[in-house]
Amino acid sequence: SRVALDNSIEDTQETYRLMFPDKHVTPMIFASPNTRDDDIDGMNDYISRSAKAHHCPSLIFAMPWWSAEKFEQKTIAGGFLGAKVYLIFSDPKIPQNDITIFDFLPHHQLDVLNKHGWIVMLHIPRNGRLRDPKNLEQMLEIEKRYPNVKLIIAHVGRAYCNEDVGDAFDVLAETRKMMFDFCANTNSWVFEQLVRAVGSRRILFGSDLPITRMRMRRICENGRYVNLVPPGLYGDVGNDKNMREVSSREAEQLTFFMYEQIDAFRQAAVATHLSKHDIEDVFYNNAKQLFDEI
């Protein structure tokens with residue numbers, strides 16, 4: 001909300017045109033409701049219409065209280081390739097750090113996803129992020145119990161700082177199918193560990209627009225990420241522990257979040273000796289193959 005009041009399909013395409021003037025970018029799109037009172041059906045309908053009109057893949061934003069039948073019907077009717085789910089739609093009685101993946105990605109919906117071989121885009125919960133044992137346990141359960149689900153772990157499991165990792169990559173090295181996008185993550189060391197654990201064929205570039213329009217540079221302090229931003233550009237950030245303004249002089253050196261993210265992956269690619277073909281897989285071929293399989 002600090003970066004963009006909304007983000008239409010036209011805004012998304014224009015951002016890509018400006019940021020990547022010599023590239024053709026096909027986004028995978030989905031809605032971003034913030035509360036249970038949002039017009040979730042209207043938002044999903046907009047995504048469905050936009051995807052058809054602009055020839056891009058899309059995901060339904062699924063609510064955990066939908067029955068299997070309702071979830072399946074809505075996904076098919078909208079022409080979606082799967083679902084995006086999010087932790088804030090768990091039962092509000094559950095304390096935030098006690099939320100588990102299955103509280104907002106219930107088993108009856110995973111059965112439907114498995115039946116059709118659909119995608120699920122998963123932003124994992126809990127303060128421990130990727131290192132949290134419960135998250136890792138349930139990620140592995142999804143891969144083993146629902147072998148046809150195309151599971152994408154968003155933001156490399158929210159491992160924005162080195163302290164978010166723990167022994168996760170030792171555990172995840174045993175996986176064979178789940179994929180990881182590095183949307184809105186600028187940690188080259190984390191990317192390097194990811195490449196070494198799962199290889200380049202299960203990693204996906206993604207933009208996480210509109211947040212990556214932000215002018216910023218990210219640092220980590222005591223295991224917490226902080227986005228350094230120009231003074232005054234994003235309103236009063238004094239109460240936001242993950243944002244901090246820099247001087248006007250330093251602000252002149254800040255580029256876009258999008259470029260910081262890509263440059264961090266470039267550093268990891270150099271460190272792990274990825275080939276040109278490997279990088280093409282990460283930025284295009286892996287996603288294209290994923291969509292073609294559905």
Side-chain angles (χ1 to χ4, degrees), residues 30 32-36 59 61-66 68 71 82-114 118-185 187 189-199 202-204 206 208 220 222-225 241-242:
F30 44 85
S32 184
N34 294 310
T35 73
R36 292 171 177 240
L59 302 178
F61 203 110
M63 297 295 112
W65 55 84
W66 291 351
F71 172 57
K84 163 70 177 178
V85 296
Y86 201 61
L87 60 106
I88 61 173
F89 295 100
S90 303
D91 186 333
K93 297 175 184 175
I94 304 173
Q96 181 173 336
N97 200 41
D98 291 339
I99 294 172
T100 71
I101 291 170
F102 299 131
D103 289 324
F104 59 99
L105 177 57
H107 289 287
H108 65 270
Q109 292 182 1
L110 280 161
D111 284 332
V112 175
L113 291 160
N114 190 63
W118 284 339
I119 293 168
V120 61
M121 175 72 72
L122 177 61
H123 177 112
I124 61 175
R126 307 167 74 86
N127 294 343
R129 302 174 184 266
L130 190 62
R131 73 174 188 271
D132 186 283
K134 178 61 70 174
N135 281 335
L136 291 168
E137 173 191 324
Q138 295 187 339
M139 289 160 60
L140 293 173
E141 181 178 349
I142 293 171
E143 172 155 314
K144 293 175 182 177
R145 185 171 172 182
Y146 304 99
N148 296 324
V149 170
K150 295 172 174 61
L151 175 64
I152 302 173
I153 305 300
H155 319 298
V156 196
R158 301 168 62 229
Y160 302 130
C161 295
N162 296 9
E163 291 87 347
D164 296 326
V165 172
D167 67 347
F169 290 120
D170 293 333
V171 175
L172 296 170
E174 303 302 315
T175 63
R176 292 293 176 264
K177 290 177 292 184
M178 72 175 69
M179 306 188 79
F180 301 81
D181 77 38
F182 56 95
C183 293
N185 194 328
N187 191 314
W189 179 84
V190 168
F191 298 166
E192 183 179 340
Q193 308 315 305
L194 176 66
V195 171
R196 297 188 191 284
V198 306
R202 290 197 277 144
I203 300 176
L204 303 166
D208 213 34
C220 286
N222 300 317
R224 185 180 77 234
Y225 76 91
K241 66 180 182 180
N242 297 117

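For clarity, every value in this text was computed on a predicted model and none was experimentally measured.
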Inset, instruction - Quick one: pull up CG in Leu204 and CE in Met179 and give me the separation to the nearest 0.5 Å. - result: 4.0 Å
Legend entry - Side-chain (Arg224) to main-chain (Lys241) donor-acceptor, under 3.5 angstrom: yes
Inset, instruction - Look at the side chain of Arg158 and the backbone N and O of Leu130, then say whether any donor-acceptor pair between them is shorter than 3.5 Å. - result: no
Inset, instruction - Only counting residues at least two apart or in another chain, list the ones meeting ring-ring contact (aromatic ring centres under 6.0 Å, His included) with Phe89. - result: Phe61
Inset, instruction - Under the side-chain contact (heavy atoms from CB on, under 4.5 Å) rule, what do Lys177 and Leu151 come out as? Steps first, then yes or no, please. - result: CA-CA 8 Å; Lys177 290 177 292 184; Leu151 175 64; over 6 Å; no
Inset, instruction - Nearest 0.5 Å please: distance from the CZ atom of Arg131 over to the CG atom of Leu136. - result: 11.0 Å
Legend entry - Nearest-0.5 Å distance that lies between atom CD1 in Ile119 and atom NZ in Lys84: 12.5 Å
Inset, instruction - Please lay out, stage by stage, how Phe104 and Leu122 fare under the test side-chain contact (heavy atoms from CB on, under 4.5 Å). - result: CA-CA 10 Å; Phe104 59 99; Leu122 177 61; 3.6 Å; yes
Legend entry - Donor-acceptor contact below 3.5 Å, side chain Asp103 vs main chain Ser90: no
Legend entry - Geometric class of the Phe191/Phe182 ring pair [parallel <30°, tilted 30-60°, perpendicular >60°]: tilted
Inset, instruction - Give the minimum heavy-atom separation between Pro125 and Ile101, together with the two atoms involved. - result: CD-CG1, 3.7 Å
Inset, instruction - Sort and list the pairs that fulfil salt bridge (charged side-chain N to carboxylate O under 4.0 Å, His left out) and have at least one residue in residues 142-151, not counting sequence neighbours. - result: Glu141-Arg145
Inset, instruction - Write down the atom of Phe102, the atom of Ile142, and the distance for their closest heavy-atom approach. - result: CE2-CG1, 3.8 Å
Legend entry - Under 3.5 Å donor-acceptor, Asp132 side chain and Asn127 backbone: no
Legend entry - Distance, nearest 0.5 Å, that separates CE of Met178 from CD1 of Ile152: 12.0 Å
Inset, instruction - Compare every heavy atom of Tyr225 with every heavy atom of Arg129, then report the nearest pair and how far apart it is. - result: NH2-CE2, 3.8 Å
Legend entry - N/O donor-acceptor pair under 3.5 Å between His108 side chain and Trp66 backbone: yes
Inset, instruction - Taking the side chain as every heavy atom from C-beta outward, state whether Phe180 and Val198 have any pair of such atoms under 4.5 Å apart. - result: yes
Legend entry - Check: Asn148 and Trp118 side chains under 4.5 Å, non-hydrogen atoms: no
Inset, instruction - Decide yes or no on side-chain contact (heavy atoms from CB on, under 4.5 Å) for Leu110 and Leu105, but give the supporting numbers first. - result: CA-CA 7 Å; Leu110 280 161; Leu105 177 57; 3.9 Å; yes
Inset, instruction - Any chance you could lay out the side-chain contact (heavy atoms from CB on, under 4.5 Å) test for Met139 and Leu172, step after step, and finish with the verdict? - result: CA-CA 9 Å; Met139 289 160 60; Leu172 296 170; 3.8 Å; yes
Legend entry - Side-chain (Asp181) to main-chain (His155) donor-acceptor, under 3.5 angstrom: yes
Inset, instruction - Would you indicate whether Asn222, at its atom CG, is surrounded by more than 12 heavy atoms from other residues, nucleotides or ligands within a distance under 6.0 Å? - result: no
Legend entry - Pairwise distance CG(Leu87) to CD(Gln96) - rounded to 0.5 angstrom: 6.5 Å
Only pairs under 3.5 Å count here: list side-chain donor-acceptor contacts from residues 160-171, not counting sequence neighbours, and write none if there are none.
from	atom 1	to	atom 2	distance (Å)
Asn162	OD1	Asn187	ND2	3.0
Asp164	OD2	Tyr160	N	3.0
Asp164	OD2	Cys161	N	2.9

Legend entry - Atom pair CD1/CD1 of Ile153 and Ile203 - distance to nearest 0.5 Å: 13.0 Å
Inset, instruction - Search all heavy atoms of Cys183 against all heavy atoms of Asp208 and return the closest pair with its distance. - result: CB-CB, 3.7 Å
